[in-house]
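Keep in mind that the numbers below use all heavy atoms, side chains included, and drop hydrogens, waters and symmetry copies.
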Amino acid sequence: MKKAIITGCTGQDGSYLAELLLEKGYEVHAFKRRSSSLNTERIDHLYQDLHQETHFVPHFADLADGSSLATLVHDIRPDEIYNLAAQSHVKVSFEIPEYTADIVATGALRLLEAIRRTGVKCRFYQASSSEMFGSSPPPQSETTPFHPRSPYACSKVFAHNITVNYREGYGLHASNGILFNHESPRRGETFVTRKISRAVARIKLGVQSKLYLGNLEAHRDWGYAPDYVRAMWMMLQQDKPDDYVVGTGEAHSVQEFVELAFSHVGLDWKEHVVIDPHYFRPAEVDFLLADVEKARRVLGWEPTVTFRELVRMMMDADLKDIGRRVAGGLEGALTMRTGAYV
């Protein structure tokens, strides 16, 4: 049985990746940062009674603590490590840049050092981001120069480059997946797509009246998260490590997402959306579009969910969830600016 470590297992990608690996017969070791608040709702269904045999094993770990990472890597001796943990919110990174750099950039270095120092022979995946391209003109491929426009993106560039450095300097089987935006009903509620789908559901059900957003003209290449974790796994099955751009090859604006979400519930978005300068970033990323030729050619990877299907899927999930909450008296009238950061 193969063993895999997933950092950031409580996040959207980590939960889907854990499901995928368990389906493929892996023993999955899930690294979770200690918090006084429970945030395991995405993986609760994977837990079993710890007195019974299970192939899903949670651990407390933190990318800020190199010694604990080295100890766990040494003791688990995994075949594969997927580094998905991060302070991953672009807007928030402007407000806590030092913390973002420590976890996103130095955290990846600590994990690579844990592999090198323990001598464990395993394959390593680093979750790189399309935000690294920043203002570089589209489409963006593996050879497009990075021009990061946020502390988060700058930190991801360091993590990406240090992964390449350890691959070339120490011979590690280490690959970077440069993933463009990927969403699902499990997306965090402060990210723009989920903020939109959840707000539209609340507006439709009469418990919210307005949706406050920032730049509607920003274009992103949006795909479906389970497709993207499948690409992560495929990268680590290759004989040679490498870097791959993963996306759909289509770009859509925030406004397009808004229009589709409101039309899905029969509402006019112009009657409910308010532009709030609070949500503008100090430096904007205008247009991200993936050139996915390499991933398709080398990995044989293809997305399975279209943009329209993704919006519909997220809307249906939030309509069901908000409807259940309203029926149970858990959702009341709300007209404030929901979702603090976009």
Return yes if some donor-acceptor pair links the side-chain N/O of Lys195 with the main-chain N/O of Gly188 below 3.5 Å, else return no. no
Find out whether Met232 and Leu179 are in side-chain contact, i.e. whether some heavy atom of one side chain is under 4.5 Å from a heavy atom of the other. yes
Determine, using the 4.5 Å side-chain heavy-atom cutoff (strictly less than), whether Phe60 and Val57 are members of one ILVMFWY cluster. no
Steps toward side-chain contact (heavy atoms from CB on, under 4.5 Å) verdict (Met314, Tyr224): CA-CA 10 Å; Met314 294 178 69; Tyr224 182 45; over 6 Å; no
Using the test salt bridge (charged side-chain N to carboxylate O under 4.0 Å, His left out), find all partners of Glu293 that sit at least two apart in sequence or belong to another chain. Arg297
According to side chain to side chain contact (heavy atoms under 4.5 Å, CB included), who are the partners of Gln237, at least two apart in sequence or on a separate chain? Lys2, Tyr26, Glu80, Tyr82, Trp233
Quick one: CG on Leu17 to CD on Gln12, what's the gap to the nearest 0.5 Å? 12.0 Å
Please find the pair of heavy atoms, one from Gly223 and one from Leu310, that lie closest to each other, and give the distance. O-CD2, 3.4 Å
Sequence neighbours excluded, the answer for salt bridge (charged side-chain N to carboxylate O under 4.0 Å, His left out) partners of Asp243 is Arg167
Checking side-chain polar atoms at under 3.5 Å, does His89 have a donor or acceptor matched by the opposite partner on Gln87? no
Check: Leu267 and Ile203 side chains under 4.5 Å, non-hydrogen atoms: yes
List the steps, then state whether side chain to side chain donor-acceptor pair (under 3.5 Å) holds for Ser253 with Glu217. CA-CA 6 Å; Ser253 68; Glu217 297 305 315; 5.5 Å; no
Measuring only between side-chain heavy atoms, which start at C-beta, is Ile6 closer than 4.5 Å to Ile81? no
Determine, using the 4.5 Å side-chain heavy-atom cutoff (strictly less than), whether Leu289 and Phe257 are members of one ILVMFWY cluster. no
Between Lys3 and Asp79, is the closest basic N to carboxylate O distance under 4.0 Å? no
Co-members of the apolar cluster containing Val104 [side chain, <4.5 Å]: Val90, Phe94, Tyr152
What pair of heavy atoms forms the shortest contact from Val120 to Val73, and how long is it? CG2-O, 3.7 Å
So do Val192 and Leu213 actually touch side chain to side chain, heavy atoms under 4.5 Å? yes
Residues two or more places apart in sequence or in another chain: which of them pass ring-ring contact (aromatic ring centres under 6.0 Å, His included) with His59? His29, Phe31
May I ask you to test the Trp222-His252 pair for a side-chain heavy-atom distance under 4.5 Å? yes
Salt bridge present between Arg296 and Glu302 (N-O < 4.0 angstrom): yes
Would you please indicate if the ring centroids of His173 and Phe124 are separated by under 6.0 Å? no
Check Glu309 against Thr304 and note the closest heavy-atom contact, atom names and distance. OE1-O, 4.0 Å
Looking at Ile322, Asp321, Val326, which one forms a side-chain contact (heavy atoms from CB on, under 4.5 Å) with Arg324? Asp321
Mind checking whether Met313 and Phe262 sit in one hydrophobic cluster, side chains of I, L, V, M, F, W, Y counted as touching below 4.5 Å? yes
Do NZ/NE/NH1/NH2 and the carboxylate oxygens of Arg198 and Glu189 come within less than 4.0 Å? yes
Mind checking whether Tyr212 and Lys210 have side chains closer than 4.5 Å, heavy atoms only? yes
Heavy atoms of Ala70 and Ala114 approach each other most closely as CA-CB, 3.6 Å
Set out, in order, the CA-CA distance, both residues' side-chain angles and the distance that settles side-chain contact (heavy atoms from CB on, under 4.5 Å) for Glu113 and Tyr166, then state yes or no. CA-CA 9 Å; Glu113 268 293 280; Tyr166 271 61; 2.7 Å; yes
Determine, stepwise, if the pair Tyr16 / Ser184 fulfils side chain to side chain donor-acceptor pair (under 3.5 Å). CA-CA 10 Å; Tyr16 283 124; Ser184 76; 3.3 Å; yes
By side-chain hydrogen bond (donor to acceptor under 3.5 Å, both in side chains), His182 pairs with (sequence neighbours left out) Asp13
Please walk me through it: do Met235 and Val246 pass side-chain contact (heavy atoms from CB on, under 4.5 Å)? CA-CA 11 Å; Met235 291 178 207; Val246 179; 3.6 Å; yes
Sub-4.5 Å side-chain heavy-atom contact between Glu284 and Asn215: yes
Hydrophobic cluster (4.5 angstrom, side-chain heavy atoms) - remaining members for Phe146: Met132, Phe133, Val157, Ile178, Phe180, Val245, Val285, Leu288, Val292
Give the cluster check for Leu211 versus Phe280: same hydrophobic cluster or not, with ILVMFWY residues linked at side-chain heavy-atom distances below 4.5 Å. yes
Are Tyr99 and Leu69 linked, directly or through other ILVMFWY residues, by side chains that come within less than 4.5 angstrom of each other? yes
With sequence neighbours left out, the residues meeting side-chain hydrogen bond (donor to acceptor under 3.5 Å, both in side chains) with Lys204 are none
Take the angle between the ring planes of Tyr228 and Trp301 and call it parallel below 30°, perpendicular above 60°, tilted in between. perpendicular
Does His74, at its NE2 atom, have more than 12 non-hydrogen atoms belonging to other residues, nucleotides or ligands within less than 6.0 Å? no
Sequence neighbours left out, what passes salt bridge (charged side-chain N to carboxylate O under 4.0 Å, His left out) with Asp316? Give chain and number order. none
Just so I know, are the side chains of Leu299 and Tyr244 near enough to count as touching, which here means a heavy-atom distance under 4.5 Å? yes
Sequence-distant partners of Arg186, salt bridge (charged side-chain N to carboxylate O under 4.0 Å, His left out), two or more places apart: Glu19
Criterion side-chain contact (heavy atoms from CB on, under 4.5 Å) on Trp269 and Gln255, from CA distance to verdict: CA-CA 9 Å; Trp269 70 275; Gln255 182 170 319; 3.6 Å; yes
Which residues satisfy the side-chain hydrogen bond (donor to acceptor under 3.5 Å, both in side chains) test with Arg308, sequence neighbours excluded? none
Sequence neighbours left out, what pairs pass side chain to side chain donor-acceptor pair (under 3.5 Å) with at least one residue falling in residues 130-140? Ser135-His147
Checking Ser175 against Asp242: is there a side-chain donor and acceptor pair closer than 3.5 Å? no
For the residue pair Thr118 and Ile115, what are the closest heavy atoms and their distance? OG1-O, 3.3 Å
Grab the two heavy atoms, one from Leu21 and one from Ala4, that are nearest each other, plus how far apart they are. CD1-CB, 3.7 Å
Whether Arg194 engages the ring of Phe191 as a cation-pi pair (distance to the six-membered ring centre under 6.0 angstrom, angle to the ring normal within 45°) should be assessed. no
Can you tell me how far the CD atom of Glu41 sits from the OG atom of Ser15, to the nearest 0.5 Å? 9.5 Å
Set out, in order, the CA-CA distance, both residues' side-chain angles and the distance that settles side chain to side chain donor-acceptor pair (under 3.5 Å) for Gln126 and Asn176, then state yes or no. CA-CA 5 Å; Gln126 169 58 29; Asn176 286 297; 5.4 Å; no
